[in-house]
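A quick note: this is a predicted structure, and the numbers were derived from the prediction, not measured. Just so you know, these numbers use all the heavy atoms, side chains as well, and skip hydrogens, waters and symmetry mates. Order of the sequence lines sets the chain letters (A, B, ...), proteins ahead of strands, with each chain counted from 1.
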There are 2 protein chains.
Amino acid sequence: MKKITMSDIARIAGVSKATVSMVLNKKDENISEETKNRILNIAKEMNYIPNSVARSLSTKKSSTIGIIVPDITNPYFSEVSRAVEDSANIFGYNVILCNSDNETEKEEKYVELLISKLVDGVIFAVGGHNTRGIELLQENSIPFVLLDRHVEGFENLYGVYCENQLGVVQGVEYLYENGKRNIVFVKGPGDIEIAKQRLSGYKLTMEKYGIYNENFVYESDFTMQGGKNVTEKIINEIEKIDAIFYSNDAMAVGGMKVLLRNGYKVPDDISIMGFDNIQISEFVEPELTTIGQPIYEMGRESCRLLIDIINNVDVEKKEIYFKPQLIKRGTA
Amino acid sequence: MKKITMSDIARIAGVSKATVSMVLNKKDENISEETKNRILNIAKEMNYIPNSVARSLSTKKSSTIGIIVPDITNPYFSEVSRAVEDSANIFGYNVILCNSDNETEKEEKYVELLISKLVDGVIFAVGGHNTRGIELLQENSIPFVLLDRHVEGFENLYGVYCENQLGVVQGVEYLYENGKRNIVFVKGPGDIEIAKQRLSGYKLTMEKYGIYNENFVYESDFTMQGGKNVTEKIINEIEKIDAIFYSNDAMAVGGMKVLLRNGYKVPDDISIMGFDNIQISEFVEPELTTIGQPIYEMGRESCRLLIDIINNVDVEKKEIYFKPQLIKRGTA
DNA sequence: CTGAAAGCGCTTACAG
DNA sequence: CTGAAAGCGCTTACAG
């Protein structure tokens, strides 16, 4: 069964395809009611589905945006992607999803792919430390907005972020107020910007109270498994621990497991603090005390911002910062 | 800065764009080494990125597949999507992701979108009960494979499934062997095929032992929050419960939380069984005993199958069934 | 070994 | 109120 095209409809309706195109695209001020209805009916009857590839080639726009995240399997990114998709849909865009695994090469490959697909813009949670992907986007004049992760070395990029440092400061203050002094911090992977920002919040506050000790800083990879591994190391190496501040929830969930397994009472023996407020943090027992990011809002805003840029509407601020919020629950 | 095209390269290299096209697509048996290198160098130097939209229009293929799932935020689907994306990439395809929220209209809308984008095929985890989406795919001769969820009323569709009924049978048997008799079952949303299949496994086995009681069957929506809600209901309404079999892990995680909160010891007072073996099931405490699906393999196979169909290679079996596996952990 | 030409299915000035 | 024509950037027979 051959796919039906505008020409088919035009032929059947006895008009030109220009006319068909116009009525199907609602640019029909000058088309008589009669022709309009005739065309609409035929299109409907034949289940006509426009070929948007042809349309894109002609208009140079695709009504598609790309989103590049490290890993959709990470709840933070699945939630934020979901938000992006929802808002994109509202504005008539659809989204191509790309998992970079924090690898620069994959990022680059995907950026090329997206450009070649004529995406109208991209939302980019940069994982790698190299920035070829961003340069490519710039060279090809593709609008893009950074999400979650700031990128050093560039001025004036659009972006939607959370005030990571502030969040950790709040968290550490809260632990301190509750009498915790031996606070271990688990940072994220070395070269990722948010990992550094969160660490700096910890360092700042601990130094302020004169209790910073670099041996209390551990590194892991933002995954549950990583949280598990690092926690085994921590309880082996440090004798007295009042609290562990995991710089994301996934690691906290993994870590809490190890603590409970080893007979620690949470939060009596040891407090736990996470970061993100992903869905699952409310469902573990005890519930995770964490620094909440407005994940859905961030996804939504990044999409709105991108679409504004695409449409050349003036945006007041190139960078949008969301405030994190301490969410007191059962683990601290 | 204007995007550079094949014509540009052709002009600079002093050849026709046909020649450029051929060397860039490795159909270059008949092109002299010299011209070939000249073209390749120019393309590289100018950072040429081919316009794949134009290519698609011309070839009628897009090297893109669509995947429609209920909700990427659901770990089962994020894991399976990830698997699909990984394998698609290996074969040179990329993927457009669509969240249907189990709504028929969204499914339909997305199917149209995917068709209009000229996707080469789609992987479809059908949520709604209506099947217009499938009909559309068929009418337009788009290859597709069903994933996870069988659809009634159609013969001969390609699909990758898990033997849901068998899985639940195994689970109930295991509980029975361990002396559990008052086994509550939480099924999934009414009209979803896998919900029915899993329920039937429960009913079958319970009847076999003469202990089936329809008051012990509850319904929820496959989410953590749903698991929480239904569990509150269950412990209010039923006095003596030996075990709760949640028909997916998300509900089990939510449910376990409620049980622990209400002072039940798991698994001493009450056993819990889940279904899926999503990542998180290993990280809750106690670890969830569950019926594991080979999620990643299922995603991978559905993609492989789809690509075989696209390429017209003969496939032995239209339906691939994976065997679930009882994973004994801490909750039962 | 390479080029000219048609075609993919649309959109968009322009003309009448 | 509507049509003819060019163009988007590719690919693919066909010809030489």
Side-chain angles (χ1 to χ4, degrees), chain A residues 2-40 42-43 46-64 112-113 115-120 140-141, chain B residues 2-40 42-43 46-64 112-113 115-120 140-141:
Chain A
K2 243 191 115 299
K3 269 211 82 178
I4 94 145
T5 72
M6 270 194 177
S7 302
D8 298 326
I9 298 184
R11 191 168 19 80
I12 295 170
V15 296
S16 77
K17 46 189 175 117
T19 308
V20 176
S21 170
M22 288 172 144
V23 343
L24 260 24
N25 290 304
K26 311 280 168 229
K27 299 189 177 158
D28 51 4
E29 314 85 38
N30 310 320
I31 314 283
S32 70
E33 275 300 309
E34 203 237 303
T35 0
K36 194 154 56 176
N37 289 330
R38 186 149 34 97
I39 290 170
L40 256 15
I42 295 173
M46 305 190 72
N47 285 321
Y48 172 65
I49 298 179
N51 180 330
S52 59
V53 167
R55 180 169 216 275
S56 294
L57 183 58
S58 178
T59 59
K60 317 283 230 142
K61 352 185 39 270
S62 59
S63 296
T64 300
E112 288 203 8
L113 178 93
I115 294 176
S116 87
K117 293 236 172 225
L118 263 41
V119 293
D120 297 334
N140 289 276
S141 321
Chain B
K2 247 193 108 301
K3 269 211 79 176
I4 95 146
T5 72
M6 268 192 177
S7 302
D8 297 325
I9 297 183
R11 191 167 20 77
I12 294 171
V15 297
S16 77
K17 45 190 177 115
T19 308
V20 175
S21 169
M22 289 173 142
V23 343
L24 259 24
N25 291 304
K26 311 279 169 233
K27 300 190 175 158
D28 52 3
E29 315 85 37
N30 310 320
I31 313 283
S32 71
E33 274 301 308
E34 202 236 304
T35 357
K36 194 156 55 177
N37 288 330
R38 187 148 34 97
I39 290 171
L40 256 15
I42 295 174
M46 305 191 73
N47 283 323
Y48 171 66
I49 298 179
N51 180 330
S52 60
V53 167
R55 180 171 216 276
S56 295
L57 183 58
S58 179
T59 58
K60 319 280 230 143
K61 350 185 40 270
S62 60
S63 296
T64 300
E112 287 203 7
L113 177 94
I115 295 176
S116 87
K117 293 238 172 223
L118 263 41
V119 293
D120 297 333
N140 289 275
S141 321

Next on the checklist: Please tell me if A:Tyr48 has a side-chain N or O lying less than 4.0 Å from either OP1 or OP2 of C:dG9.
Outcome noted: no
Next on the checklist: Using a distance-only criterion (donor-acceptor N/O pair, under 3.5 Å, no hydrogens), is the base of C:dG7 paired with the side chain of B:Ser58?
Outcome noted: yes
Checklist entry - Given the rule in the side chain to side chain contact (heavy atoms under 4.5 Å, CB included) test, do B:Thr35 and B:Val23 qualify, once you have shown the distances and angles that lead to the verdict? => result CA-CA 9 Å; B:Thr35 357; B:Val23 343; over 6 Å; no
Item to check | Gap between atoms CG and P, on B:Asp8 and D:dG9 respectively (whole Å) | outcome: 9 Å
Checklist entry - Rounded to the nearest Å, what distance is computed from the CG atom of residue A:Leu57 to the P atom of nucleotide C:dG7? => result 17 Å
Item to check | salt bridge (Lys or Arg N to Asp or Glu O under 4.0 Å) pairs, two or more places apart, involving residues 10-25 of chain A | outcome: A:Asp8-A:Arg11
Checklist entry - Hey, what do you get for CD1 (A:Ile115) to CG (B:Asn51), rounding to the nearest 0.5 Å? => result 11.5 Å
Checklist entry - Reading DNA chain C 5' to 3', what string of ( ), [ ], | and . shows its pairs, if Watson-Crick and G-U wobble pairs count only when both distances fall under 3.5 Å? => result |||.||||||||.|||
Next on the checklist: In this structure, how many angstroms lie between the P atom of D:dG9 and the CG atom of A:Asn51, rounded?
Outcome noted: 17 Å
Checklist outcome for this item: B:Lys36 atom NZ is separated from C:dT2 atom P, nearest whole Å, by 10 Å
Checklist entry - Can you check the A:Ile31 CD1 to C:dT12 C1' distance for me, whole Å? => result 13 Å
Item to check | salt bridge (Lys or Arg N to Asp or Glu O under 4.0 Å) partners of B:Lys61, counting only residues at least two apart | outcome: none
Checklist entry - At under 4.0 Å between heavy atoms, what does B:Ser56 touch on the DNA or RNA strands: base, sugar-phosphate, or nothing? => result nothing
Checklist outcome for this item: Ranking B:Val53 and B:Met22 by the position along DNA chain D of their nearest nucleotide, the one closer to 5' is B:Val53
Checklist outcome for this item: Heavy atoms of B:Pro50 and A:Ser116 approach each other most closely as O-CB, 3.0 Å
Checklist entry - Could you state the NZ-C1' distance from A:Lys61 to D:dG9, rounded to the nearest angstrom? => result 18 Å
Checklist entry - Would B:Asn25 and B:Ser21 count as a side chain to side chain contact (heavy atoms under 4.5 Å, CB included) if you check the C-alpha gap in whole Å, the side-chain angles of each, and the deciding distance to 0.1 Å? => result CA-CA 6 Å; B:Asn25 291 304; B:Ser21 169; 3.4 Å; yes
Item to check | Options C:dT11, D:dC10, C:dG9, nucleotide nearest the side-chain atoms of A:Thr5 | outcome: C:dG9
Checklist entry - Under a 4.0 Å heavy-atom cut-off, which of residues 13-21 of chain A touch DNA chain D? => result A:Gly14, A:Val15, A:Ser16, A:Ala18, A:Thr19
Next on the checklist: Rounding to an integer number of Å, can you tell me how far A:Glu34 CD sits from D:dC1 C1'?
Outcome noted: 12 Å
Next on the checklist: Under the rule for salt bridge (Lys or Arg N to Asp or Glu O under 4.0 Å), what residues qualify as partners of B:Arg38, not counting sequence neighbours?
Outcome noted: B:Glu34
Checklist entry - Whole-Å distance between D:dC1 P and A:Glu33 CD? => result 9 Å
Next on the checklist: If you compare all heavy atoms of A:Val20 against all heavy atoms of A:Met6, which two are closest, and at what distance to 0.1 Å?
Outcome noted: CG1-CG, 4.1 Å
Item to check | A:Thr64: partners by side-chain contact (heavy atoms from CB on, under 4.5 Å), with sequence neighbours left out | outcome: A:Ser62, A:Asn94, A:Ile96, A:Val119, B:Lys117
